[in-house]
Asker: 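Would you mind keeping the following structure in view while I ask a few things?
Computed from a prediction, not measured in an experiment: that's the story for all the values here. Both backbone and side-chain heavy atoms feed into the values below; hydrogens, waters and symmetry mates do not. Whatever order the structure lists them in is the order used to number ligands and atoms, beginning at 1.
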Amino acid sequence: MKRSIQHPASSIQVNLGDRSYGIIFGDSHRTIKPHLYRDACIITDKNVAKYHLRPWEELFPLAQTMILPAGEKTKSMKTMSLVYDFLAQIGFGRDHLIIALGGGVVGDIAGFAAATYMRGVEYIQIPTTLLAMVDASIGGKTGVDLTLGKNLVGAFHQPKAVLVDFNYLKTLPRREWNNGLGEIYKYALLTGEIELSQIPLQFDYRQRAFSKNYSKIVRFCAQYKAGLVSQDERDVGGIRMVLNLGHTFGHAFEAGAGFKALKHGEAVVLGLMGAVFISYKRNLLNKKTFDKIIDELSKFNIPKITRVFQFMELLTYILRDKKTASHNFRMVLLKDIGKPIVVHDIIVREFRKACGFISNTFGIETKD
Ligand SMILES: NC(=O)c1ccc[n+]([C@@H]2O[C@H](COP(=O)([O-])OP(=O)(O)OC[C@H]3O[C@@H](n4cnc5c(N)ncnc54)[C@H](O)[C@@H]3O)[C@@H](O)[C@H]2O)c1
Ligand SMILES: [Zn+2]
């Protein structure tokens with residue numbers, strides 16, 4: 001049976017032929033018609049379950065729920081094995097729906113389960129973190145980490161819908177709001193359409209809400225990503241690749257910190273610093289723009305990291321990262337704010353200097 005989830009005109013469309021879907025803003029519980037699916041499996045994590053699971057269990061009374069431990073460490077093959085066993089035990093079938101209720105970690109795991117269980121089943125993304133709303137829930141990249149590096153195992157599998165409901169953010173801890181900013185800075189640098197200085201200012205942490213203007217920023221990021229995915233779903237045409245801005249160093253620091261001390265968005269900010277530094281040193285970026293970006297990024301609150309990073313270890317992660325083509329060191333740099341460029345000839349010395357710059361700026365210790 002072919003099912004489609006209706007979405008209002010105000011939603012953002014990811015255009016992929018018969019795999020097209022909507023990013024639907026508003027009250028997520030009103031969007032899905034449970035009768036379309038005989039049954040569902042809700043995959044979530046402990047923190048999200050505490051606040052947001054019940055309405056989904058009420059909407060899908062027959063649903064079985066798997067609650068995972070929270071955090072990046074959960075994004076592993078070990079978890080996948082538990083998820084597959086769970087799906088088999090509950091008799092999950094191809095006419096059932098996986099509901100990914102959580103941040104990027106839950107989304108990547110549940111999406112990967114949907115991509116692979118019974119050679120592919122349907123799923124929807126319900127992002128509950130700012131980071132997942134602007135980035136992780138969109139575009140169908142799913143997968144898990146290995147201890148040797150981020151996202152090394154995975155699959156492309158598009159969801160049937162992405163439901164963005166800002167109400168989930170009301171329970172988001174402060175550090176997780178900040179974490180989402182990492183990817184928003186990335187979009188600001190890629191597009192030139194978001195004023196850098198506006199990014200951290202507009203949260204009302206007490207109300208756990210953001211201004212109307214900020215909801216426009218979130219929508220803009222989702223729209224921008226949807227556009228790139230629509231043109232280059234499998235990240236082979238060089239279009240989607242710009243989304244890797246900041247991720248070469250970002251993933252290295254994230255893995256180097258053992259997927260614990262640094263959150264993804266925080267690591268992306270370090271990575272953006274590295275990309276901007278190399279762009280400046282290559283005379284792609286002028287000094288004024290370089291200073292402006294660094295000035296803004298260095299205000300970002302990176303947690304104190306006690307661990308000393310070894311440059312050679314970071315380099316190993318960088319080289320293992322999928323973003324590095326086999327013989328060349330590939331990276332997304334900036335010619336200006338709003339003008340990304342992919343280069344294929346980065347040399348180790350540039351990586352080393354950029355690591356030194358990042359470390360000095362944020363007081364992180366790096367040794368040779
Ligand atoms: N697939 C993609 O295209 C893509 C893109 C960007 C990032 N990612 C991945 O996303 C992951 C990071 O996502 P994340 O930052 O959302 O992390 P996360 O899923 O670990 O969520 C962060 C923390 O917030 C908690 N949380 C989530 N929603 C909450 C809520 N509403 N209230 C209270 N607590 C809540 C979680 O339990 C967790 O402790 C990384 O693994 C990254 O690689 C994937
Ligand atoms: Zn990212």
Asker: Could you list which atoms of ligand 1 come closer than 4.0 Å to a heavy atom of Asp135?
Answerer: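 Counting atoms of ligand 1 from 1, those under 4.0 Å from Asp135 are 5 (C), 6 (C).
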Asker: Looking only at side-chain N and O atoms, does Thr31 offer a donor or acceptor that is under 3.5 Å from a partner on Ser28?
Answerer: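 Absent: no donor and acceptor within the cut-off.
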Asker: Does Glu183 come within less than 4.0 angstrom of ligand 1, counting non-hydrogen atoms of the residue?
Answerer: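 Per 4.0 Å heavy-atom rule, Glu183 contacts ligand 1.
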Asker: Below 4.0 Å from any atom of ligand 1, is there a heavy atom belonging to His52?
Answerer: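 Contact present.
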Asker: Can you sort out which atoms of ligand 1 are near Gly103, meaning under 4.0 Å from one of its heavy atoms?
Answerer: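 Atoms satisfying the 4.0 Å criterion: 16 (O), 19 (O).
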Asker: What protein heavy atom sits nearest atom 16 (O) of ligand 1, and how far off is it?
Answerer: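 The answer is Thr129 OG1, 2.6 Å.
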Asker: So which heavy atom in the protein is nearest atom 42 (C) of ligand 1, and how far is it from that ligand atom?
Answerer: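 Residue, atom and distance for the closest contact: Lys150 NZ, 3.4 Å.
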Asker: Is a donor from one side chain sitting under 3.5 angstrom from an acceptor on the other, for Thr65 and Glu57?
Answerer: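 Distance-only check passes for Thr65 and Glu57.
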Asker: Only heavy atoms of Ala70, strictly under 4.0 Å: list the atoms of ligand 1 that pass.
Answerer: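 Within the 4.0 Å cut-off of Ala70, ligand 1 contributes 37 (O), 39 (O).
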Asker: N/O of Val105 under 3.5 Å from N/O of ligand 1, yes or no?
Answerer: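 It does: an N or O of Val105 is found under 3.5 Å from an N or O of ligand 1.
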Asker: Taking only heavy atoms of Lys225 into account, list the atoms of ligand 1 that are under 4.0 Å away from them.
Answerer: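 Those qualifying, in numeric order: 3 (O).
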Asker: Provide, to 0.1 Å, the distance between atom 39 (O) of ligand 1 and the closest protein heavy atom, together with that atom's residue and name.
Answerer: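 The closest one turns out to be Asn47 ND2, 3.1 Å.
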Asker: When you check the gap from the basic side-chain N to the acidic O, do Lys75 and Glu72 get nearer than 4.0 Å?
Answerer: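 Glu72 and Lys75: salt-bridged.
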Asker: Run the numbers for me: atoms of ligand 1, each under 4.0 Å from some heavy atom of Leu172, listed by number.
Answerer: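 Once the distances to Leu172 are compared, the set is 28 (N), 29 (C), 30 (C), 32 (N), 33 (C), 35 (C).
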Asker: In Glu183, the N, O or S atom nearest to the Zn ion (ligand 2) is which?
Answerer: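 Result for Glu183 and the Zn ion (ligand 2): OE2.
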Asker: Closest non-hydrogen protein atom to atom 9 (C) of ligand 1, residue and atom name please, with distance?
Answerer: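 Looking only at protein heavy atoms, the one closest to atom 9 (C) of ligand 1 is Asp108 OD2, 3.5 Å.
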Asker: Under 3.5 Å, is there a donor-acceptor pair between the side chain of Ser359 and the main chain of Cys355?
Answerer: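 Checked: pair present.
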Asker: Does the side chain of Gln158 pick up a donor-acceptor pair with the side chain of Glu233 at under 3.5 Å?
Answerer: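 Yes, because at least one side-chain N or O of Gln158 sits under 3.5 Å from a partner of the opposite role on Glu233.
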Asker: Walk me through whether Asn178 and Arg174 qualify under side-chain contact (heavy atoms from CB on, under 4.5 Å).
Answerer: CA-CA 6 Å; Asn178 210 37; Arg174 193 172 180 136; over 6 Å; no
